[in-house]
There are 2 protein chains.
Amino acid sequence: MAGEGSVGIVTPREFRFAEPPGQLELDCGRKLGPITIAYETYGALNPDRSNAILILHALTGDAHAAGFHTPTDPKPGWWDNMIGPGKGFDTDKYFVICSNCLGGCRGTTGPYSINPDTGQPYGLSFPIVTIGDMVRAQRRLLDHLGIERLLSVAGGSMGGMQVLEWITRYPDAVRSGICIASGPHNGAQAIAFDAVGRHAVQADPAFQNGNYYGEDGPVQGLSIARMLGHITYLSDETMRAKFGRTLRGKSEYSYDFASEFSVETYLDYQGEKFVNRFDANSYLYFTKACDYFDLVAAYGSLDQAFARIQSRVMVLSFSSDWLYPPYQSREMVDSLVRNRKEVTYCNIHSDYGHDAFLLEVDAMKGLIAGFLEHTLDPDRKTREAAPAAAVAANSTDPAPLSRNSIYEGPRVDYDLIVDLVDPGSRVLDIGCGDGELLHRLVRLKQVDGMGLEVAENNIIRCVNRGISVVQADVDKGLSAIPDASYDYVILSMTLQVIEKPELAIREMLRVGKKCIISFPNFGFWKVRAMLSFQGKAPVTRNLPYSWHSTPNRNVLSVKDFRQFCELQNVQIEREIPLSTAGGGGMVRQWPNLFAEEAVYVVTAKT
Amino acid sequence: MAGEGSVGIVTPREFRFAEPPGQLELDCGRKLGPITIAYETYGALNPDRSNAILILHALTGDAHAAGFHTPTDPKPGWWDNMIGPGKGFDTDKYFVICSNCLGGCRGTTGPYSINPDTGQPYGLSFPIVTIGDMVRAQRRLLDHLGIERLLSVAGGSMGGMQVLEWITRYPDAVRSGICIASGPHNGAQAIAFDAVGRHAVQADPAFQNGNYYGEDGPVQGLSIARMLGHITYLSDETMRAKFGRTLRGKSEYSYDFASEFSVETYLDYQGEKFVNRFDANSYLYFTKACDYFDLVAAYGSLDQAFARIQSRVMVLSFSSDWLYPPYQSREMVDSLVRNRKEVTYCNIHSDYGHDAFLLEVDAMKGLIAGFLEHTLDPDRKTREAAPAAAVAANSTDPAPLSRNSIYEGPRVDYDLIVDLVDPGSRVLDIGCGDGELLHRLVRLKQVDGMGLEVAENNIIRCVNRGISVVQADVDKGLSAIPDASYDYVILSMTLQVIEKPELAIREMLRVGKKCIISFPNFGFWKVRAMLSFQGKAPVTRNLPYSWHSTPNRNVLSVKDFRQFCELQNVQIEREIPLSTAGGGGMVRQWPNLFAEEAVYVVTAKT
C-alpha cells in the first residue's frame with residue numbers, strides 16, 4: 001500500500017522482575033520468579049506518553065511482531081504487514097510494544113527456563129499460567145516502561161483473549177481494546193481440538209513427561225498437534241482453493257501410506273517447520289491457558305465482566321473463521337451494547353478462516369487506523385470536515401442493502417431529522433449507511449450516537465468518521481439493546497426494505513424513547529395515478545425501481561402507516577409530510593396525496 | 001414410531017470366494033484371495049428377487065446393521081433405527097443385506113487376516129483396497145445370493161461413496177441409489193483430517209509398522225485418531241449443547257494437564273472404547289480408501305460419471321455436516337440434473353453434524369420409505385389416489401416460502417395449467433410445493449416431471465407422491481439445468497415472492513421450450529380502487545397480506561408483465577386472465593382491470 005514502510009532493524013529487549021521473595025502470584029496459587037519478559041518496541045513514545053499500543057500475540061507468536069533482527073533476516077515479524085510507518089498500527093504516530101507471553105519459549109520465562117531452585121529446566125514443574133497471569137506480567141513491563149495508560153491493546157486469537165483480560169482487569173489502564181478473531185472463552189469444539197493436540201504431544205515417548213530438554217523431544221507428537229492446529233486455522237474454502245485433491249509431484253496414487261496429496265505434504269512441512277521453532281511444553285501451557293480463559297465464569301456473566309470496561313472497544317471477526325466463529329464475537333458485542341459501552345463491530349468477509357487476522361490487512365487497516373485515530377483524539381469527530389473515507393479497495397459488500405444505496409438524490413429528510421433531535425441526546429441510527437446523518441448529529445447536536453449497518457464498506461466509512469457502528473441486521477431484532485437506552489432511534493428510508501417492519505418498529509419503540517421514521521409514500525398522487533390510469537406498478541423518484549428489480553419489500557402510504565400505528569398502539573407525536581420538489585418542503589394539505597415521503601416522530605402509547 | 005419393530009436375533013453369515021488361482025484383481029494391480037465376506041440379511045427375498053436392498057457401512061461400521069446377535073445382546077446393529085419391520089428400510093417389504101467391507105476387521109478379510117502365503121497376519125502387506133474393490137467384492141456376494149438386480153443400494157459417509165460406485169460401476173444392477181452425507185470425493189480438509197489420524201496411529205511406537213497382532217497395538221495413536229474423527233462427526237452446535245465448558249465431576253480447574261473438561265473425558269472414553277473394537281490397520285486402509293475415492297478423476301468429470309447411471313437417485317445431506325458439507329451433495333445433484341437423471345435431493349435440517357445420518361431417523365424415513373416404494377412400483381404414481389403424505393412429525397421448515405403456503409383458497413390456475421400441457425411432456429415445476437400440480441400432471445397427462453422446492457416437509461410430501469423433487473432456490477438460478485431440457489417450465493403463483501424475477505424468467509426460458517407463469521394481478525380494479533380511493537396498500541383475496549407482513553416482494557399487473565415481456569424479448573403465446581369468482585373463469589374483456597390473476601404461456605423470441 002502506498003506510503004507504507006518497514007520499522008527496519010529492531011533490537012529484542014528483556015525486562016527482568018519478580019525476583020524472590022517478590023515473586024509473581026499466579027492464578028493457580030503458586031508463585032513464580034524471577035521472570036524475564038522478552039519484548040520489542042516500534043515507533044517513539046510521545047512526550048505525554050499517550051500513544052502506546054500493546055500488541056498481544058497468538059498461540060505460536062512471539063515478541064517479534066515487526067521489522068527484522070538483522071539486515072539479512074529472511075522474514076520480518078509476524079504482524080509486519082500491520083505494524084510500521086503508514087500501516088494499520090502506524091509507527092509514525094504510535095509507540096508499539098509487543099512481548100512474548102509468560103510460559104512461552106521465545107525469550108520470556110517458560111517451561112524451558114532454568115528453575116533457580118533446581119538448576120534444571122522447569123519442564124512440567126512450571127506452574128500452569130493463565131491469560132490473567134500473562135497480562136499481569138505485561139502490566140509489570142508497562143510499569144517498567146513508565147506507561148500508565150495505553151492508547152490501545154490489540155491482538156488476535158489468544159491475543160484477543162489477552163485484550164479482553166486487559167480491558168476488564170485494568171479498565172483504567174487502557175483507552176481502547178481491539179479484539180480480533182477471538183471469544184470470551186473456548187467452546188467445546190476448540191477445547192476438543194486443543195485436547196487432541198496435547199494428547200498427541202503427551203503420547204509421544206520422547207515427551208518423557210516434559211523432561212526432554214537436551215534431547216530431540218516429542219517432535220512427532222508436536223508435529224501432529226501442529227498439523228491439526230493448522231487445519232483449524234484455515235477454512236474449507238481456502239483448503240479447496242489452495243490444495244484441492246492435487247498430488248504432490250506425481251499424477252498417480254502410490255497405493256501405500258506415504259503422504260502424497262499436496263495437503264498432506266503441506267501439513268507435514270508445517271509440522272516439521274514448527275518443531276524447530278517451538279517448544280512442545282509451551283504448546284501445552286498456551287493451549288491450556290486458552291482453554292482455561294473464561295470471562296463468563298470469572299465475573300459471573302459476560303455482562304458483569306464488560307460492565308467493568310471504561311475503554312472504547314473494537315471487535316473484529318472473520319466470516320469463515322470456524323475456530324473462533326463470528327457468533328462468539330457477536331455475543332460479546334451484544335453484551336457491550338447492553339452495557340452501553342462504546343463498541344464497533346465488523347465481521348470481515350474473508351475466505352481465509354482463522355488465519356485471516358494475519359492476512360486481511362486492508363480491511364483491518366481500514367477499520368483499525370480510524371479507530372485508533374479517534375481514540376487518540378476523540379474531539380476530532382466534532383470538528384468540521386470529515387476525512388475522505390479510507391475504504392479498503394478490496395472490501396466486498398456481503399449485503400447490499402444500505403440506505404444510501406437504495407435511495408437516489410439529495411436526502412431532504414436529513415436536515416429535518418437533525419432539527420428534530422435535542423442536543424446531547426443518545427441516538428441509535430438503524431441502517432446508518434456511511435454515517436452521514438450520525439456525523440451531522442454529532443457535529444451539530446453533540447449527540448452520543450451509534451449506528452447499525454450491514455455493509456462492510458459503510459462500516460469502514462463510519463469508523464473513519466469517528467462513528468461507533470455495529471454490524472447488525474434489524475430483521476434479527478435488537479434484543480441486545482436494553483429498554484429505553486436511547487433518546488432517539490432513527491430509521492430513515494429503510495422501512496420499505498426490511499423484512500419484518502412490525503418487529504423493527506416494536507423493537508425501536510422498546511429501546512428508544514422517541515423514534516424517527518421516514519419512508520416514501522405509496523399514497524402519493526403520482527403513484528396512484530400510475531396504477532389507476534396506467535394499470536402499472538408505480539415507478540417514481542422515491543420508488544425508482546421496476547417491479548422486477550426492487551429492493552423494496554413493503555410499500556406503504558401515509559394512511560397505511562397511520563392505521564398501523566393505531567392498531568399497534570403507537571403514538572404519532574409528529575407527522576411531517578415532505579415534498580422533494582425544489583430541494584424539499586413540507587406538504588400542508590392532503591399529505592397522503594401530495595407527500596412524496598413522510599417523516600414521523602412516534603412513541604409507545606402508555 | 002408406531003408399528004415399528006425389531007428384526008430380532010440375527011445370524012452373522014460368511015461367504016468365501018476368490019480362491020487361488022481365481023483371486024480378486026484389485027485397483028492397485030495386486031490380487032487378493034481367498035476372501036471371506038461377513039454379512040447379515042434381514043427380511044425375506046420375494047419370489048422374483050426384486051426387493052433386495054444392499055446397505056453399505058461407514059468407516060467404523062460393520063455387517064451388523066440391525067437386530068441382536070444374542071437375546072442378551074446389550075446393543076443392536078448400527079442402523080437398527082432405520083432397518084426393521086415398519087422402519088425406513090421396511091423388512092416386511094424388503095430383503096436387506098449388509099456386509100463388512102473388504103479391508104475391515106469384523107469378519108471380512110482385512111489386514112488382521114492370515115496371509116495364506118506366510119501363515120502370518122497380513123498387516124501392512126495387505127494390499128491397498130479402494131471403494132471400487134469393496135463394491136467388486138459385494139457384487140460377488142450378490143451373485144452368490146442369486147440377486148441380479150438390487151432394488152436399492154444405500155449408505156452414509158463411506159457407505160455413500162460405495163453407493164456412488166455401485167450406481168456408476170454397475171448401472172444395470174441397481175434400480176436406485178440412496179447416497180447420504182457423502183460426496184464424489186474427499187476435499188482437502190477431509191483428506192487432511194484423515195492424514196493427521198493416520199499419522200497419530202503410525203507415530204505410536206506400538207504400531208511397529210503394522211505388525212502388532214498378538215500385542216496391544218497402537219492403542220494411544222488409534223485413540224487419538226478416533227478422538228479427532230469424533231470431533232469431525234459432531235457439529236459445533238451439538239458440542240456446545242452437549243458439553244459446553246462443563247468440567248467432569250468438579251467445579252474448579254485442577255491446574256494440571258489431566259483431562260478435566262467434559263468434552264475431553266468424553267473423547268477419551270470414545271477413544272478407549274474404539275480401540276477395543278477396531279483394528280488400527282483397518283482404520284488406515286479405510287481412511288485411505290475414502291481419500292482415494294474420486295468419481296471425478298475416475299471418469300474425467302462428474303457429468304461423465306453420472307451419464308452412466310440408469311437408476312433413480314436420492315441424495316441426502318445434513319445442514320450442519322461439515323465433514324461432507326451439503327455443497328458436495330448439491331454438486332452431485334446438479335450433475336444428475338444436467339444428465340437428466342431421476343433425482344431427489346433434500347438437505348435435512350439438523351444440528352447433529354455428520355453423525356446425523358445415524359440419528360435423523362424421522363426425516364430419513366419420511367424420504368426413504370416413499371422413495372423405495374415408488375422404486376419397487378413405479379406405476380403406483382399414475383394410479384388414482386395419492387397416499388396421505390407421511391410427513392415426519394419433527395421435520396422443520398427452514399424456508400417458509402412455498403406456493404401453497406402463501407396462497408389461500410382453491411387453485412383456479414391448476415386446472416388450466418393441466419389443460420395447457422401436452423401429454424407425455426417433460427415438465428419442471430419451480431416452487432412445486434407439496435407436488436399437487438405435478439401429481440395431477442403425471443396422473444392425467446403422463447408427464448415426466450420434476451419439482452424444485454425449498455421446504456423440507458413439502459419435499460417429503462412430493463416423494464410420497466412419487467414426484468422427483470430437488471431442494472433448490474430459483475433465486476440462485478437454474479445453472480445446473482441444460483438449455484431446452486423441458487417442454488414446460490411452470491412458475492405458478494410464485495413470481496411475486498422471488499427475489500430475482502428477471503433472472504428466474506430468463507432461466508426458465510433457457511431451460512424450457514415453453515414457460516407457464518401465473519401471478520396475482522396488481523392491476524385488478526379492486527387493487528386500484530383500494531390505493532386510489534382509500535390511499536392504502538391493497539389487500540385482496542389474491543394479495544391477502546398487509547404491507548408489514550407480506551411475503552410478496554414484487555407486485556405487478558398484467559400490463560407490467562406484458563411490458564416486461566416486450567422489453568425482455570419474451571413472446572407471449574397465450575394470455576389467460578382469470579377471475580376466481582364462482583370457482584374461477586376466464587375474463588373476456590379489459591383483463592388488466594378485471595382479472596384477479598393471470599396465466600401466461602411464454603417462449604423466448606427467436
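Here is the naming used below: chain letters follow the sequence lines, and residue numbers restart at 1 for every chain.
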Contact origin within Leu284(A) toward chain B - heavy atom pairs under 4.5 Å: both

Any idea which heavy atoms bring Ile224(A) and Ala203(B) closest together, and the distance? CD1-CB, 3.9 Å

Please classify the contact of Asp291(A) with chain B as side chain, backbone, both or neither, using a heavy-atom distance under 4.5 Å. both

Please flag which part of Tyr327(A) lies under 4.5 Å from any non-hydrogen atom of chain B: side chain, backbone, both or neither. side chain

With a 4.5 angstrom heavy-atom cut-off, is it the side chain or the backbone of Pro127(B) that approaches chain A, or both, or neither? neither

Taking Asp256(B), Ile505(B), Thr246(B) one by one, which has the highest count of heavy-atom pairs under 4.5 Å against chain A? Asp256(B)

In terms of heavy-atom pairs under 4.5 Å, which option from Phe243(A), Tyr266(A), Phe564(A) contacts chain B the most? Phe564(A)

Do side-chain atoms of Tyr292(B) reach the backbone of Tyr253(A) as a donor and acceptor pair under 3.5 angstrom? no

Examine distances only and state if a side-chain atom of Lys288(B) and a backbone atom of Phe257(A) form a donor-acceptor pair shorter than 3.5 Å. no

Aromatic ring pairing Phe193(B)/Phe193(A), orientation class (parallel under 30°, perpendicular over 60°, tilted between): parallel

Contact origin within Asn186(B) toward chain A - heavy atom pairs under 4.5 Å: both

Please classify the contact between Leu503(A) and chain B as side chain, backbone, both or neither, with a heavy-atom cut-off of under 4.5 Å. neither

How about Arg562(A): does its CZ atom have over 12 heavy atoms from other parts shown lying under 6.0 Å from it? yes

Heavy-atom pairs under 4.5 Å with chain A are the metric here; pick the option from Ser557(B), Pro325(B), Ser223(B) that has the most. Ser557(B)

Which atom pair, heavy atoms only, marks the closest approach of Ile191(A) to Val263(B)? CG2-CG1, 3.7 Å

Most chain B-contacting option - heavy-atom pairs closer than 4.5 Å, from Gly29(A), Pro205(A), Gly271(A), Gly187(A): Pro205(A)

Non-hydrogen atoms of chain B under 4.5 Å away: do they reach the side chain of Trp525(A), the backbone, both or neither? neither

Do you know the tightest heavy-atom contact between Leu531(B) and Gly523(A)? CD1-CA, 4.5 Å

Pick whichever of Gln563(A), Glu499(A), Lys559(A) has the most heavy-atom pairs under 4.5 Å with chain B. Lys559(A)

With chain A as the partner, which of Ser235(B), Ala188(B), Ala504(B) has the greatest number of non-hydrogen pairs under 4.5 Å? Ala188(B)

Arg240(A) side chain vs Gln189(B) backbone, donor-acceptor pair below 3.5 Å: no

Any idea which of Asp560(B), Asp294(B), Leu267(B) has the most non-hydrogen atom pairs under 4.5 angstrom with chain A? Asp560(B)

Is Thr130(B) close to chain A through its backbone or its side chain, or both, or neither, when contacts mean heavy atoms under 4.5 Å? side chain

Do you know which of Asp204(B), Leu234(B), Asp236(B), Leu124(B) has the most heavy-atom pairs with chain A at a distance under 4.5 angstrom? Asp236(B)

So for Glu260(A), is it side chain, backbone, both, or neither that comes closer than 4.5 Å to the heavy atoms of chain B? side chain

Toward chain A, the part of Asn521(B) with a non-hydrogen atom under 4.5 Å: neither

Counting only non-hydrogen atoms closer than 4.5 Å, does Tyr285(B) touch chain A with its backbone (N, CA, C, O), its side chain (CB onward), both, or neither? both

Residue selection (most heavy-atom pairs with chain B, distance under 4.5 Å) from Arg528(A), Arg245(A), Lys500(A): Arg245(A)

Given the options Leu26(A), Asp27(A), Val129(A), Tyr255(B) meets side-chain contact (heavy atoms from CB on, under 4.5 Å) only with Asp27(A)

If I compare all heavy atoms of Ser259(B) with all of His199(A), which pair ends up nearest, and what's the gap? OG-NE2, 3.8 Å

Restricting to non-hydrogen atoms, name the atom on Ala192(B) and the atom on Met239(A) that form the minimum distance, rounded to 0.1 Å. CB-CE, 3.7 Å

Side chain from CB out, backbone as N, CA, C, O: work out which of these in Ser254(B) comes under 4.5 Å of a heavy atom of chain A, or both, or neither. both

To the nearest 0.5 Å, atom CD1 of Ile231(A) lies from atom OG1 of Thr232(B) at 9.5 Å

Sort Phe261(A) into side chain, backbone, both or neither according to what part of it lies under 4.5 angstrom from a heavy atom of chain B. side chain

Taking side chain as everything from C-beta outward and backbone as N, CA, C, O, which of these in Asn592(A) sits under 4.5 Å from a heavy atom of chain B? Side chain, backbone, both or neither. side chain

Kindly check if the number of other-residue, nucleotide or ligand heavy atoms within 6.0 Å of CZ (Arg248(A)) is above 12? no

Side chain / backbone / both / neither for Leu593(B) at chain A, heavy atoms under 4.5 Å: neither

